[in-house]
K.L.:
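Please read through the structure below; I'll follow up with questions.
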There are 2 protein chains.
Amino acid sequence: MKLSEEEKQRRLRSFIRAARQAGIKLTHQRLEIFREIAGDGRHPDVESIYKRVKKRIPPLSIDTVYRTFSVLEREKVLAKVSVFCNRARFDSNMEPHHHFVCRRCGAVRDFFSHELDRFHVPEEVKPWGDVDTVYVELRGTCAECAGKASAEKTEDRRK
Amino acid sequence: MKLSEEEKQRRLRSFIRAARQAGIKLTHQRLEIFREIAGDGRHPDVESIYKRVKKRIPPLSIDTVYRTFSVLEREKVLAKVSVFCNRARFDSNMEPHHHFVCRRCGAVRDFFSHELDRFHVPEEVKPWGDVDTVYVELRGTCAECAGKASAEKTEDRRK
DNA sequence: CCTCCTGATAAGAATAAATCTTATCTAAGA
DNA sequence: TCTTAGATAAGATTTATTCTTATCAGGAGG
Ligand SMILES: [Mn+2]
Ligand SMILES: [Mn+2]
Ligand SMILES: [Zn+2]
Ligand SMILES: [Zn+2]
């Protein structure tokens, strides 16, 4: 899930624009952290971004990653993914989109759907409040995990 | 979001049946914990269930609530709700269903949708793996929170 | 190019949800 | 009633996240 260079550059520019507009400082750390997230379409977690950026900025503290995360979230430059709640994950795709999630390995992939974009909020829900986002999660098993599982089965049968 | 007595009883029976079938012990604690969850359609968190059941069983430990939770989850008697990841929440409604979620107060309400039940997995997603569940989250502001917000506005205007 | 000041960072302490450990207890089958 | 595998209580432990505080640096203004 490596993103195209042009998409990465677009996200980087939108980050810099948002930072300027919000009057927040464009520090070396923030730029490197965002660069790392913007180039990764796999919805990485805080820990992995921390490790990767620390290679380039050794004194980096994990707190800075968390802080940058919440600043970027507030400025609507990236979003928190609410899948597998054990740890927070970044999503640098701010286009409204949905997710395919593998129950086994936790892989998260983006998809778009015209069918879902046309979805009408059911009548029973309307009196409960105003809906601003329709988010869909397709849950199942990814091809890779399915492959591993069947490989293990044949392994077992051989015993 | 108080559930009807008959729905509560139905869930309680299905819990007892599942426990018998799985060969797990029907302890006083488990019964009381489940009774509390089964009667609450608001997707309560571990802490609140702990507090409520502790009134009836004072020596109850919160670990027992967590353990009961994971046993019941394994036995498919209830599910974990992955909304607002700060703390785990129970869902004793095991019918496939969707949620309306209020961003402000975290209220979660169940809904069903024939339109969504007919949803076809997009072609682009199919090669990624097998989808077993289509889960939809309608995010927005509940009527109660919207009411509070507009009340505060008029308050501000008076100054 | 310097200076200053405010907001940002690093390090490590603190917090809080969730899990683990161990001694004790109990549901339920014989 | 007796037995025992599995369950509980209490408190320690783990782990993700946030907080504290001394130091640092981006960037506005000179
Ligand atoms: Mn995404
Ligand atoms: Mn529900
Ligand atoms: Zn997978
Ligand atoms: Zn609300």
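By convention in this document, chain letters (A, B, ...) are assigned in the order of the sequence lines, proteins followed by strands, and residues within each chain are numbered from 1. None of these values were measured; they are calculated from a predicted model.
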K.L.:
Rounded to the nearest angstrom, tell me the gap between atom CZ in B:Arg89 and atom P in C:dA18.
P.N.:
12 Å
K.L.:
Rounded to the nearest angstrom, tell me the gap between atom CZ in A:Phe84 and atom P in C:dA18.
P.N.:
16 Å
K.L.:
Would you mind reading off the distance between B:Arg30 atom CZ and C:dA28 atom C1', rounded to a whole angstrom?
P.N.:
13 Å
K.L.:
Would B:Asp45 and B:Arg89 count as a salt bridge (Lys or Arg N to Asp or Glu O under 4.0 Å) here? Give the steps.
P.N.:
CA-CA 4 Å; B:Asp45 63 13; B:Arg89 294 170 70 161; over 6 Å; no
K.L.:
Mind calculating the distance between CG (A:Leu31) and P (C:dA8) to the nearest angstrom?
P.N.:
15 Å
K.L.:
Establish, yes or no, whether a centroid distance under 6.0 Å links the rings of A:Phe111 and A:Phe100.
P.N.:
no
K.L.:
Take the protein atom CG of A:Asn86 and the nucleotide atom C1' of C:dT19, then report the distance between them rounded to whole Å.
P.N.:
13 Å
K.L.:
Indicate yes or no: at least one non-hydrogen side-chain atom of B:Pro122 is less than 4.5 angstrom from one of A:Phe112.
P.N.:
no
K.L.:
More than 12 non-hydrogen atoms from neighbouring residues, nucleotides or ligands closer than 6.0 Å to NZ on B:Lys54, yes or no?
P.N.:
yes
K.L.:
Looking only at the side chains, is there a donor atom on one of B:His98 and B:Asp110 sitting less than 3.5 Å from an acceptor on the other?
P.N.:
no
K.L.:
If the test is side chain to side chain donor-acceptor pair (under 3.5 Å), which one of A:Glu6, A:Arg11, A:Glu7, A:Glu5 qualifies with A:Gln9?
P.N.:
A:Glu5
K.L.:
Do B:Val125 and A:Leu138 have side chains that get closer than 4.5 Å, going by heavy atoms?
P.N.:
yes
K.L.:
Using a strict heavy-atom distance below 4.0 Å, which residues from residues 61-71 of chain B are in contact with DNA chain C?
P.N.:
B:Asp63, B:Tyr66
K.L.:
Are a donor atom and an acceptor atom from the side chains of A:His97 and A:Tyr135 found within less than 3.5 Å of each other?
P.N.:
no
K.L.:
Can you give one letter per nucleotide of nucleotides 21-30 of chain D, going 5' to 3': B for a protein heavy atom under 4.0 Å from the base, S for sugar-phosphate only, - for none?
P.N.:
-----BS---
K.L.:
Name every residue in residues 34-53 of chain A that has at least one heavy atom under 4.0 Å from any atom of DNA chain D, in order of residue number, or write none if there are no such residues.
P.N.:
none
K.L.:
Count I, L, V, M, F, W, Y as connected when their side-chain heavy atoms are under 4.5 Å apart, and connections chain through other members. Are A:Ile57 and A:Val46 then in the same cluster?
P.N.:
yes
K.L.:
Do any side-chain nitrogens or oxygens of B:Arg87 fall under 4.0 Å of OP1 or OP2 in C:dA16?
P.N.:
no
K.L.:
If you look at every heavy atom in A:Pro127 and B:Ala143, which pair is closest and at what distance?
P.N.:
O-CB, 3.9 Å
K.L.:
Between B:His43 and B:Asn93, is any side-chain donor less than 3.5 angstrom from a side-chain acceptor?
P.N.:
no
